[in-house]
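Comments concern the structure below.
Naming convention: chains lettered A, B, ... in sequence-line order (proteins, then strands); numbering from 1 in each chain.
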Amino acid sequence: GENVEQHPSTLSVQEGDSAVIKCTYSDSASNYFPWYKQELGKGPQLIIDIRSNVGEKKDQRIAVTLNKTAKHFSLHITETQPEDSAVYFCAAGGNSGGYQKVTFGTGTKLQVIP
Amino acid sequence: NAGVTQTPKFQVLKTGQSMTLQCAQDMNHNSMYWYRQDPGMGLRLIYYSASEGTTDKGEVPNGYNVSRLNKREFSLRLESAAPSQTSVYFCASSQEMNTEAFFGQGTRLTVV
């Protein structure tokens with residue numbers, strides 16, 4: 001099955017700086033790569049996703065890049081703000097053993113220091 | 001439009017007791033999921049239902065059963081709770097598999 005590794009597990013940045021979270025996946029059949037943000041006491045919420053026919057996608061201060069050859073994908077947050085503080089999860093999904101299920105990484109706790 | 005609603009929000013069980021976690025979505029989604037979240041382990045898929053009338057095992061199905069009651073509702077049952085099932089449980093739904101998933105607020109379950 002799919003294995004998704006996510007780094008770092010914790011990340012502290014000064015307000016206004018950029019934050020980068022990196023993930024790797026193992027199944028070359030994966031073709032869907034969402035990123036979720038989870039605030040304390042809430043369920044995860046999608047912030048951006050990318051499919052394997054696209055190398056990069058941007059939405060305001062958030063961007064995701066995908067390197068299919070290396071099986072890497074990354075989340076970039078620019079001009080960080082205190083409200084960006086949360087746990088971020090990457091995930092990879094596709095046809096794995098006949099199932100189109102998504103496998104999550106272990107999460108990155110981002111702290112933005114005012 | 002409530003999205004995904006889970007009940008209960010908190011529950012304490014004794015070892016060996018049974019219980020059912022309820023989940024309902026009002027977005028007319030085809031696919032529904034149950035995850036558990038443990039510290040340092042991310043979200044792990046317990047069971048999912050790709051469409052009404054079908055259910056399949058995820059990564060960690062042992063000790064659980066599910067029922068897709070209709071298109072809106074997907075319940076998770078613990079037949080004989082064990083301390084290892086202490087976790088936060090999330091229900092989610094999506095229009096199709098591998099599209100944006102919408103999560104409920106979670107159920108914090110403690111088994112003593």
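The stretch residues 55-81 of chain A places none of its residues near chain B, where near means some heavy atom under 4.5 Å from a heavy atom of that chain.
When every heavy atom of A:Tyr32 is checked against every heavy atom of A:Asp49, the shortest pair comes out as OH-OD2, 3.0 Å. Closest approach of A:Gln14 and A:Val112 over heavy atoms only: C-CG1, 4.4 Å. Contact detail for B:Phe74 and B:Thr55: the closest heavy-atom pair is CE1-CG2, 4.0 Å. Listed here is the closest heavy atom pair of B:Pro8 and B:Thr107: O-OG1, 2.5 Å.
With a threshold of 4.5 angstrom between heavy atoms, A:Gln38 approaches chain B through side-chain atoms but not through N, CA, C or O. Neither the backbone nor the side chain of B:Tyr33 comes within contact range of chain A; no heavy atoms are under 4.5 Å apart. For B:Gln6, no part lies near chain A; criterion is any non-hydrogen pair under 4.5 Å. Within the 4.5 angstrom heavy-atom criterion, atoms from both the backbone and the side chain of B:Ala101 approach chain A. Heavy-atom distances place both the backbone and the side chain of B:Leu43 under 4.5 Å from chain A. For B:Thr99, the parts lying under 4.5 angstrom from a heavy atom of chain A are both the backbone and the side chain. With a threshold of 4.5 angstrom between heavy atoms, A:Pro44 approaches chain B through its backbone and through its side chain.
Put simply, B:Val111 and B:Leu76 are part of the same group of oily side chains (I, L, V, M, F, W, Y) that touch within less than 4.5 Å, one to the next.
For the pair B:Ser49 (side chain) and B:Thr54 (backbone), a donor-acceptor distance under 3.5 Å is present.
Using a 4.5 Å heavy-atom threshold, the side chains of B:Gln25 and B:Met32 count as touching. Between A:Pro34 and B:Glu100 there is no side-chain heavy-atom pair separated by less than 4.5 Å.
Test B:Tyr89, B:Trp34, B:Tyr47 against B:Tyr64 for side chain to side chain donor-acceptor pair (under 3.5 Å) and you get one pass: B:Tyr89.
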